[in-house]
Amino acid sequence: MIKYLTRRLLFMILSLLLIITATFFFMRLAPGNPFTSEKQLPPEIEANLNEHYGLNDPWYVQYGDYLLRIVQWDFGPSFKYKSQTVNDLINEGFPVSLVLGLEAIFIALAVGVTLGIIAALKHNKWQDYLAMIIAVFGISVPSFIMAAFLQYIFAIKLGWFPVARWGTFSQSVLPAIALAAGPTAFIARLTRSSMLEVLSNDYIKTARAKGLGELVITVKHTIRNAILPVVSYMGPLSAGVVTGSFVIEKIFGIPGLGAHFVKSIGNRDYTVIMGVTVFYSIILLVSVLLVDILYGLIDPRIKLAGGKKGE
Amino acid sequence: MQQISKDKFTVVGNSKVEAEKITKPSLSFWKDVFMRFKKNKLAISGLVILIILIIMAIIGPYLTSYNYYQNDLMKANQPPSSEHYFGTDDLGRDMFARIWYGAKISLFIGIAAALIDLAIGVIWGGISGYKGGRTDEVMMRIADVLYGIPYLLLVILLMVVLGQGLATMILAMSITGWINMARIVRGQVLSLKNQEYILASRTLGAGLTRIMGKHLIPNAMGPILVTLTLTVPTAIFTEAFLSYLGLGLTPPLASWGTMANDGIAAMTYYPWRLFFPAMFICLTIFAFNVIGDGIRDALDPRQRK
Amino acid sequence: MKKKMLVLLSLVLALSAFLAACGGKSGDDKEKVSQNLRLNLSTEPFSLNPGLANDSASGNVLRQTFDGLTRIGKDGEPENAIAEKIEVSDDQKTYTFKLRDAKWTNGDAVTAEDFVYAWKWALDPKNESQYAYQLYYIKGAEAANTGKGKLDDVGVKAVDDKTLEVTLANPTPYFTQLTAFYTYLPVNHKIAEANPNWYKDAGDDYVSNGPFKMTEWKHSEKIVLEKNDTYWDKDTVKLESVEFSMINDPNTTLSMFDNDELDRAGAPFDTVPTDSMKALKDKGTLQTQAIAGTYWYKFNTEVEPLNNVNIRKALTYAIDRQSIVDQITQGGQIPAMAAVPPSMFSENEKGYFKDNDVAAAKEALAKGLKELGLKDASELPTITLSYNTDEAHAKIAQAVQDMWKKNLGINVKLGNEEWAVYIDKLHSGDYQVGRMGWLGDFNDAINFLELYRDKKGGNNDTNWENAEFKKLLVDSQTETDATKRQQMLKDAEAILMDELPIAPIYFYTDSWVQKDNLKGIVISGLGDAQLKWAYFE
């Protein structure tokens with residue numbers, strides 16, 4: 001196990017390094033610089049600013065500088081917002097996005113798995129068709145349309161929830177649902193097909209032959225085995241929730257990290273872009289690692305200590 | 001119990017030849033798959049929808065006298081009528097013509113991106129899976145790293161460096177999209193490469209290209225086809241997403257994504273501007289999804305009822 | 001079974017974690033207390049240090065929390081604020097401000113030294129203030145800011161605690177308007193010297209002297225202001241508190257207004273979505289006010305065929321501005337056939353040429369084609385029209401593209417980038433026709449005309465320059481007779497409108513909706529808002 005962990009961590013660091021390098025160079029290639037404004041800066045001031053932020057140094061100096069600071073968990077100042085550093089932005093924005101994301105993941109898992117189980121158990125009956133049609137529509141509707149739609153019906157027309165902003169539970173309901181819609185649908189389908197596969201296995205027939213009740217079979221055998229693909233999906237799921245959050249946070253006025261990220265790209269705020277990219281990458285790589293470990297713990301057929309290769 | 005008289009039966013005998021005869025007409029693998037596919041009502045409905053959409057994309061613009069870019073500021077924001085079947089948008093352009101023009105664009109983006117993903121993914125995953133060992137490890141790690149860069153960032157940068165447009169968008173989507181296909185192909189190749197016919201082929205001196213092209217890929221075609229069909233809706237979805245963030249195509253080019261984006265702002269006042277593009281996006285994604293599912297189900301003999 | 005429990009347990013933990021996080025947060029106050037104003041600021045302010053602020057979001061907050069020497073009053077004219085008396089020398093270059101008794105929120109008295117400190121701080125190149133150039137009207141300011149002179153030589157002096165003496169580089173008739181601008185606001189020098197980070201967050205060190213004090217600042221989320229009891233004019237202030245949220249999406253903010261989560265939506269704090277304008281106008285709730293700003297297309301006069309003045313004329317005359325204003329922007333804007341807004345030159349409501357003058361456009365086109373040696377418009381190279389990514393700019397550009405094709409047969413391609421990239425391209429000349437707008441910093445025509453004085457001026461971008469135009473502007477700086485000066489500026493504008501390095505489209509308006517019982521928000525001719533006199537009936 002330890003050996004496996006060490007190897008994975010090593011690869012993670014390598015990936016991270018490559019990601020940082022790639023992002024660094026891409027940002028340099030893109031036109032526009034953080035100090036462009038409508039009223040053009042006098043060249044002396046611009047020179048000063050460039051000097052201050054080290055933008056005049058040769059690229060390898062800037063690169064080395066940056067790596068050094070990342071190791072110390074210092075992502076630098078924001079070019080665009082004088083009063084804040086990137087760390088500030090992350091510290092403020094991430095908890096918000098995290099809560100939203102966890103809510104969405106929870107909804108996606110709870111509702112998705114349930115729908116999938118029902119669909120599988122009532123295979124080819126109307127419950128199956130209904131659940132699957134709901135699921136396919138969940139995947140088919142882009143999240144921002146879903147969000148606008150939910151906002152219109154439940155907040156504006158019916159007034160059940162506030163239109164926007166963040167802070168109370170009721171303000172988080174609509175955004176979480178909008179964010180969860182796609183993943184829920186996907187998980188439902190995944191669970192269903194996984195369940196169907198498990199149900200066709202011999203050991204289920206054996207269990208029935210033994211006389212076990214349907215409920216016991218379902219819970220003790222079927223679900224437990226069928227849940228495995230869902231668990232391994234949780235890696236890409238967190239990635240999806242993260243990207244989905246950009247749009248959701250914009251529509252619902254949620255001060256999360258996703259909103260900052262999108263704005264920083266438009267602002268050419270280099271440090272924020274790189275900082276948030278690195279941060280998200282770390283989060284995602286760690287989630288995938290955790291999921292793989294979890295998967296290894298749950299499924300006795302996988303032997304991690306043997307050095308599970310690849311995915 | 002009905003009485004059946006004995007003389008309705010004759011003894012055929014049990015000749016060996018007869019016993020070995022296969023009575024079911026022989027089906028190729030694909031005919032078998034197609035038959036199962038046909039039975040799937042949902043999948044067929046998806047196919048029908050898709051065919052209708054494609055036909056309309058071709059003939060739609062001819063069904064109306066308006067074209068997709070002509071402004072008529074005085075007739076802006078009109079609801080659907082006999083003159084403008086889907087209404088007009090905020091610059092007075094006919095929505096019906098625009099929807100079918102956008103259909104061409106959106107479908108083109110989706111299919112082109114999927115095909116590029118296919119090409120890169122098959123080659124990458126195929127080589128990685130077949131070679132195994134170090135090559136495999138390295139190639140997969142590279143894939144992982146690319147996957148780790150936030151997709152949006154990469155797309156934005158590409159849009160900015162190469163300029164916004166159709167080609168850039170397809171390129172941008174293909175750049176990270178192939179990884180999934182590569183993984184699938186690699187998985188398939190890994191499980192197929194130790195089959196005996198591959199071994200036989202190698203013994204006979206077949207090179208990498210021949211083994212890949214003639215044996216591995218055709219046999220992996222099933223999951224490849226499924227992934228392909230499911231990549232198209234992702235591409236269409238992504239295009240809509242990018243358009244929402246303002247990174248979409250520039251006017252007067254229009255795609256369903258850009259139209260949906262325009263429509264959201266007007267949702268409460270001129271709902272038809274959102275309704276039509278959104279509906280068609282959903283229908284198309286729906287169609288491709290059920291078709292993909294249908295193929296997947298049809299390929300899997302265990303799913304047979 | 002144990003492993004299944006593990007998964008279940010972690011799910012439960014996650015659930016309780018978010019419930020705890022959410023449940024613990026205090027809910028937004030939805031009960032309506034009578035004098036609490038809820039507004040939306042549309043974006044996080046760049047900086048709430050008056051010396052660093054360079055954007056309207058920051059300005060919108062600073063105008064409520066600080067008081068300068070003057071403040072733009074309800075009639076659009078500067079009125080005395082911290083300055084009790086203003087004396088101007090005969091050569092109009094020396095201003096002596098006598099300060100009234102005013103206090104900072106921490107009890108310190110507002111002194112002349114506070115102004116000196118603040119202005120010199122902004123001019124100090126190491127503070128990297130992007131708006132320091134607003135102070136260049138003061139003698140020695142530009143030199144100090146560009147490192148060519150010393151800060152000590154800047155023409156501002158604290159004669160005593162209550163007397164501030166300012167020496168200008170040239171006579172500047174609009175100087176008392178400038179002193180109301182946020183770069184000229186004072187800063188409590190005792191606090192700022194002790195804590196150079198005083199402005200980064202709300203707190204004990206965020207000391208101000210205006211109608212409101214900032215009590216809370218949650219970055220990118222909200223800013224809360226409360227009535228300032230140490231304000232010298234506190235009896236005029238009726239509002240108890242102001243809460244700014246920071247939501248970027250205009251559709252969302254309008255919905256919030258409809259849902260009674262905001263008391264006002266629209267300019268200048270944020271924007272009203274264009275698609276809703278018609279419906280709001282029909283309902284009768286949309287309010288508009290003309291402001292001093294012009295929306296125009298800039299021509300890169302060094303690129304073919306835009307280097308030919310007749311081609312530029314053709315393009316400019318062929319635009320149907322009234323349709324754009326009626327159907328697209330729908331905010332009661334005025335079609336612009338001049339550069340300077342009507343609030344400064346009232347004749348500019350009519351302008352220098354006719355709107356949608358297709359005949360004159362075709363004539364100019366024919367002349368231009370002949371000069372270029374071409375027979376037909378289709379032989380012209382495709383022109384690219386660029387704008388920064390925005391719904392309204394996109395629509396206007398599409399309409400103009402169509403007009404140029406329909407009326408002149410000229411093919412136009414559209415291009416757009418986000419703001420930072422776009423403005424960069426403009427400044428570096430990497431464009432052909434580009435959309436831009438200019439909002440006046442103060443109520444004088446030179447603010448608009450001087451943009452095009454120097455070919456390489458920071459905000460010119462057109463690469464156009466005209467010696468006579470330049471001379472008129474430079475001479476107007478030293479002209480002390482107000483009427484003569486106005487005429488010089490008018491003459492200059494005439495030249496600009498004849499050579500047309502820009503095609504003006506419309507004059508801006510602010511549009512908004514607000515609660516019926518909300519009164520007293522003063523929007524100046526420049527389009528900025530003040531809450532000092534606001535109240536709920």
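Labels below follow one simple rule: chain letters A, B, ... track the order of the sequence lines, proteins then strands, and each chain is numbered from 1. Bear in mind that the values here come from a model prediction, so they are computed numbers and not experimental data.
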Where does B:D262 contact chain C at under 4.5 Å (heavy atoms): side chain, backbone, both or neither? backbone

Got a sec: does the CD of C:E379 have more than 12 other heavy atoms crowding it under 6.0 Å? yes

Euclidean distance, B:D72 CG relative to C:S323 OG, rounded to 0.5 Å: 9.5 Å

If you tally heavy-atom pairs under 4.5 Å between each of C:D320, C:T274, C:D326, C:N251 and chain B, the highest tally belongs to C:N251

Tell me, side chain or backbone of C:K405 under 4.5 Å from chain B's heavy atoms, or both, or neither? neither

Can you tell me which of C:G415, C:P273, C:S276 forms the most heavy-atom pairs within a distance under 4.5 Å of chain B? C:S276

Greater than 12 external heavy atoms within 6.0 Å of C:E349's CD: no

Heavy atoms only: give me the nearest B:L91-C:Q398 pair and the separation to one decimal. CD1-CB, 3.5 Å

Run the side-chain contact (heavy atoms from CB on, under 4.5 Å) check on C:K278 and B:Y270 step by step: do they pass? CA-CA 11 Å; C:K278 185 160 186 308; B:Y270 313 114; 3.6 Å; yes

Check this for me: C:D516, atom CG, are more than 12 non-hydrogen atoms of other residues, nucleotides or ligands nearer than 6.0 Å? no

Do C:D275 and B:D90 touch side chain to side chain, with heavy atoms closer than 4.5 Å? yes

